[in-house]
Amino acid sequence: MSFVARRGNTLVLAICVLIALPVVTRNAVWTDSAALLGIYALLALSVGLSYGQAGILTLSQAAFASLGAYAAAICTVRWGWPPLADLPVALLLPALIAFPVARLVARLSPLATALSTLAIGSIIAIAIRSADDFTGGYMGIAGVPSIGFVKAPASYAWLIWAMVVIVVFLYENLCHSAYGRALNVLRFDQARAAADGVNPPMLVSAAFAISSSIAGVSGWLYAHYISFVSPESLDAHLSISALLMAVVGGAEFILGPILGTLLLDGLTRLLPAAELQGVYYGIALIVILLVARRGIFGLIEGGLAQVRQLRRSRSGEVTALEIEASRP
Amino acid sequence: MSGGLVAKGMEVSFGGVRALRGVDIVVSPGAVMGLIGRNGSGKSTLFNCITGFVRPSGGRVSVDGKDITGMRPHQVVAKGVGRTFQTPRLEARTSVLTAVTCGLYASVRSSLVGALFGSPWAMREERLLRERAEAEMERLGLANLRHVEVGKLSLGLLRLVEVARCLVSGARFVMLDEPAAGLTSVEKDKLAAEVRAVAARGLGVLLVEHNIDMVRQLCRSVAVLETGNVLCQGTPDEVLRNDDVIRSYLGALGDIEDAAGGWQ
Amino acid sequence: MNLRMLRALAICVGAVAMIAGSARAQDAPVKIGAVLSLSGPAAVFGIPERDAIQAIVAKMSSTTKGGRKFEISFYDDKSNPTEATRAVNQAINDKVVAIVGPSTGSGILAAGPIAQRLSTPLIGPAGTLAITDPKNEFYPWIFRAAPSDASDVRAILQDMAKGNAKKVGIFYQEDAYGKTGVDLAREVGPSLGLNVVETASAPYTATDLTAQATKLRNAGAQAVFLQISIAALGSSFVKAARQVGLSVPIYANAGLAQRSFAENVGNEVEGLRIVSIGNLPYDPTPGEAELAKMLEAAGKQPQGWGELTGSNALMAALGAIDRQKGKDITGASMRETLESLCDFDKFARGRVCYSAKDHDGWHEDALVITEVRNKQFRSVP
Ligand SMILES: Nc1ncnc2c1ncn2[C@@H]1O[C@H](COP(=O)(O)OP(=O)(O)OP(=O)(O)O)[C@@H](O)[C@H]1O
Ligand SMILES: [Mg+2]
């Protein structure tokens, strides 16, 4: 019972996916959008873990995703590995880079750390472009095979969203563990966390590494779904988009980044397509962030908390203030 | 002599200010050591340099004979030394239960990967952590505040939450920085009872407190700090009769708390 | 008796329905999608492509020469391969039978598998070699609407070989376009007696290129080849070259054949030779002049070859439609027709024939060597 209650986000997401995907996959364009949005949602989730939990404002997630994507492309196209054999590489490679980098920079100020992630993102992008023989340089790699049994776009949409649900499940496990609580403390007060016995740079780096692995998976899915990767596929713009998606939805809430992904993508599609779209988009973003500082989920949570308090005071349940007042 | 938490010749300076000038203190297992002194005398600084938050410029700290000087805070915790902060450091939106459970971090055995995958072993440990936290809250009279957000508590109760968070950690030595300030007398009694119980279990307690009654009730031995030096040390009654102490500390105490009248 | 009458009636009704149906199919406009880079870095070419297509459609009143109604809808690939796949998906969902675009090579490579899966050919106005690589699984579904980068490089190096230069220095921009140019020049050069002795590169945003120019000068380059599509990079390099005393003839690939380059540079680029796909703005052939007139009628000024490649792709699609007079047109039938399409109506120069073996169609005869004179590209006879 408490297990289910503490996996509320996973449950809600799984139900939403089970209801929405059968409808969505009836239309080819929606199916394609669902698949891509799932990939972006994973990227945004990786930002949620990194920024919302570990407090690292990351601008390198698309670079980690491209590591995952290139790992898939190189393993299958260049080396002829069967798809799926490349998944561990796509998971581990980003983490192996993210962890030591975070160990180095986690002690810096938040701004310096953010800039370091930006730098590591561009270093990865440059490395990919320069390693011609390996990565196809600027041209990229075409013809990445499908993942075995998964061929049709609808199957990809299912696979990708199943992956999103799995990641949310793991993420929720983490949040309800001692490590998740420690991250929460650490984000507000490193000294307090240290007094609990937390090694702040270590835990932050581990979380960042996990987040980069999530990004790696999203890249892995991208490569197999689109079948083509180039330096432009998962570029720095996408890192920024992913950050915006997470922040708009509510980076510290588990499902916030997913909501943000759907919202921002919807926004670009609803706004009149034109040279001015960027301007509208920017204005909409500013408005959202002004109204909801902690993202849409923050807004919802604030509302719920008010309702709950109202109900409590009506039902005569003791409130904190009453407890204080009745202290012996 | 090597048993217990031993700090010898601790020296700390902040720029020009010499906050500690060679302080010796020993906390023995099963005993409550009091630490008193006027504001700014260096009590919190002593806490900070023992627990690795401030790097001492001189002196050595050891736990049961093992040197822990210069270790980082989490390493000190791993050696079994816990502490509270004088100003509670808590994130307003966490619940009391969660805040106390955070104190158990050092005793967690399941790995990050185990936690991530929700392994049965990690889940069982998680349940155990919660039970331990609840038990500690029960003892300190915090049980009915379980789901209250810490941001809604008064400073006094916040300090009590801090104490619970420290005591629950399983540390063998706990250092409490003014835990009783702002508590009602019933709450103080509960706290005192818990501190005594903790010491009876064999933990060493270092207690900074302005409440003389409480110090007298709990402490077998008391040290008085004065501008970074140990002014004197002894049983509470000895110390509180010392002229220097009366002049330097208890004279100033009237401003801090009206407890001064209670001791003579 | 009754049965026979019923059957006759059924046949009559069926026949009428079929005629009506096919008549309706004939009446309904054939849908073509245009997936172009309307925003992002490739919009420099995507916008002229769109302008040309719009001007032609307006002029033809949405009816092919053969009298078939058609309808064209535009989609933005945002110069990004992922967006290109989304746009192609959307277009095919909107029931187009062929797609003009995507504008960029990477967009075409990303969208290729979708074109194959949903049986809708892409007619891509891009020079990127890889898009018509027979090794691609989706090869049957991609047709090129412009000479490939290989043709461009061969054409300009042939012109260079006519001079006395033996040692060539290359300056290129740091992207796929730049990199391919270098590789091709190294490959083609030796057969023309040209040796690449040094290369230098810069990112899009570089402004001071003296270091690069010096590098090429020190290597003793007797001619310089520019593989650039960013006009500002081109003018910066030429200025830097004159400053450091690198006074050798400079040749540029088609990327620089843009009005904005010719008009915004000073005297130092006089004599610079650039290969171009046609010469729409300055020395048009009669066909090109016709397109230029349409553009002007639509209120647009011809910019370079973007309009021509855009028109190439559209005209190939319209040509394929007209070859299927009276038939139902599908993506598959379009592909099949395109694969044998030869000598269709178009505005650009050169003879174009697609075949199962040649999805490039366009070759060196679509190109022209121009020289910058008086802030204009003048065709070299
Ligand atoms: N981080 C710091 N930087 C500079 N000076 C400091 C710092 N921390 C403490 N001090 C100084 O060191 C001296 C000792 O301070 P400390 O906080 O240890 O006193 P305290 O005995 O805990 O006082 P209180 O009873 O008010 O808590 C004071 O003079 C204080 O101003
Ligand atoms: Mg203090």
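Because the structure is predicted, anything quoted here is derived from the model rather than measured. Proteins get letters first, then strands, A, B, ... in listed order; numbering begins at 1 in each.
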Is it the backbone or the side chain of [X] that comes under 4.5 Å from a heavy atom of chain A, or both, or neither?
X         : value
Thr98(B)  : both
Ser111(B) : backbone
Arg89(B)  : both
Ser107(B) : neither
Leu116(B) : both
Ala78(B)  : neither
Phe117(B) : both

Check each atom of [X] against the heavy atoms of chain B and say whether the ones under 4.5 Å are side chain, backbone, both or neither.
X         : answer
Asp189(A) : side chain
Ile166(A) : neither
Val185(A) : side chain

Original post:
Crowded around Arg196(B) CZ? As in, over 12 foreign heavy atoms under 6.0 Å?
Top reply: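 Check passes, neighbour count above 12.
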Whether [Y] and [X] form a salt bridge (side-chain N of Lys/Arg under 4.0 Å from carboxylate O of Asp/Glu) is what I want to check.
X         : Y         : answer
Arg159(B) : Glu187(B) : no
Arg181(A) : Asp196(A) : no
Arg109(B) : Glu125(B) : no
Glu209(B) : Lys43(B)  : no

List the atom pairs, donor and acceptor, that lie under 3.5 Å between side-chain atoms in residues 251-258 of chain A and the rest of the protein, sequence neighbours left out.
unit_1	atom_1	unit_2	atom_2	d
Glu252(A)	OE1	Arg294(A)	NH2	3.1
Glu252(A)	OE2	Arg294(A)	NE	3.4

Subject >> Thr94(B) and Glu91(B) side chains, donor-acceptor separation under 3.5 Å >> reply: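 Thr94(B) and Glu91(B) do not have a side-chain donor-acceptor pair below 3.5 Å.
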**OP:** For chain B, find which of Ala191(A), Ala206(A), Ala207(A) contributes the most heavy-atom pairs closer than 4.5 angstrom.
**Re:**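 Of the candidates given, the most pairs with chain B belong to Ala191(A).
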Original post:
For chain B, which of Ala178(A), Ala305(A), Gly180(A), Pro200(A) has the most heavy-atom pairs under 4.5 Å?
Top reply: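 It is Ala178(A).
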Original post:
Do you know which of Leu90(B), Thr51(B), Leu104(B), Thr101(B) has the most heavy-atom pairs under 4.5 Å to chain A?
Top reply: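 Option with the top pair count is Thr101(B).
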Subject >> Option among Leu174(A), Asn184(A), Asn173(A) that satisfies the side-chain contact (heavy atoms from CB on, under 4.5 Å) test with Tyr179(A) >> reply: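 Checked Leu174(A), Asn184(A), Asn173(A) against Tyr179(A); only one passes side-chain contact (heavy atoms from CB on, under 4.5 Å): Leu174(A).
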Original post:
So Arg60(B) and Asp67(B), side-chain contact (heavy atoms from CB on, under 4.5 Å) or not? Walk me through it.
Top reply: CA-CA 7 Å; Arg60(B) 306 226 66 88; Asp67(B) 193 30; 2.9 Å; yes
